[in-house]
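Shown next, in structure tokens, is the structure this report addresses.
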Amino acid sequence: MRIGELARRTGISERALRYYEEQQLLRPERRRSGYREYAEGDVRTVRNIRTLLAAGLSTYTIAEVLPCMTDDGDALVPACPELTTVLSQDRDRLTTAIDDLLAARDILDAIIAAGRSETAQPASDPALTAAPAG
DNA sequence: ATTCTTACA
DNA sequence: TGTAAGTA
């Protein structure tokens, strides 16, 4: 199938599908016309790519992990022994990112709390007092 | 009508 | 990523 059909069947933009190829996530064949020719299995592959992206993995990691994943119809299953190690490392990276965000929120909370107890309101910047547009 | 590449916002 | 341009 050509890119238009794959885009329609997966709900992913043609732009994104070409980007996935650039990132080595998909390797469609080429016709003499230059048109990309995708295999039936690519429909499932694209869905798996979306799943992995949603898991916070980079396209680089997905590229090296995708060939080691088996798809039993509904779930992705690691097929290589060293795969779980790589995934665990990414999990640790997410944990660190989450901790950083929690720390950032705590700082904002402290500043916001300080503002609530403040009596004087030297709000001179109109950008800070304007009502939210929406 | 579709797709392709390149490039800019 | 979206989109426009200029093709094949």
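Numbers restart at 1 for each chain; the letters A, B, ... are given by sequence-line order, proteins then strands.
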Quiz item: Hey, does A:Leu53 have a side-chain heavy atom less than 4.5 Å from the side chain of A:Tyr20?
Solution: yes

Practice problem: For each nucleotide in nucleotides 3-8 of chain C, reading 5' to 3', give B when a protein heavy atom comes within less than 4.0 Å of its base, S when such contact involves only the sugar-phosphate, and - otherwise. | Solution: B----B

Practice problem: Enter the distance from A:Glu82:CD to A:Leu87:CG here, rounded to the nearest 0.5 Å. | Solution: 10.5 Å

Practice problem: Drop me the distance from A:Leu52's CG to A:Arg47's CZ, to the nearest 0.5 angstrom. | Solution: 15.0 Å

Self-check item: Interatomic distance, A:Tyr38 OH vs B:dT2 C1' [rounded to whole Å]
Solution: 13 Å

Quiz prompt | Salt-bridge criterion met for A:Arg18 and A:Glu22 (N-O under 4.0 Å) | solution = no

Exercise. May I ask you to evaluate whether A:Arg36 reaches the phosphate of B:dC4, defined as a side-chain N or O under 4.0 Å from OP1 or OP2?
Key: yes

Quiz item: Is the side chain of A:Glu37 donor-acceptor paired with the backbone N or O of A:Met1 at a distance under 3.5 Å, no angle test?
Solution: yes

Quiz item: What's the CD1-P distance between A:Ile49 and C:dT1, to the nearest Å?
Solution: 11 Å

Exercise. Would you mind pulling out the nucleotide paired to C:dA8, Watson-Crick or G-U wobble, both distances under 3.5 Å?
Key: B:dT2

Practice problem: Look only at the side chain of A:Arg93 and the backbone of A:Gly56, and say whether a donor-acceptor pair between them is shorter than 3.5 Å. | Solution: yes

Quiz item: Could you state the CD-C1' distance from A:Glu22 to B:dC4, rounded to the nearest angstrom?
Solution: 14 Å

Self-check item: Whole angstrom value for the distance that separates P of B:dT3 from OH of A:Tyr19
Solution: 22 Å

Quiz item: Among B:dT3, C:dT1, B:dC4, which is the nearest nucleotide to the side chain of A:Arg30?
Solution: B:dC4

Quiz item: What is the distance, rounded to the nearest whole Å, between atom CG of A:Leu17 and atom P of B:dT5?
Solution: 13 Å

Quiz item: B:dT5 P sits how many Å from A:Arg18 CZ, rounded?
Solution: 7 Å

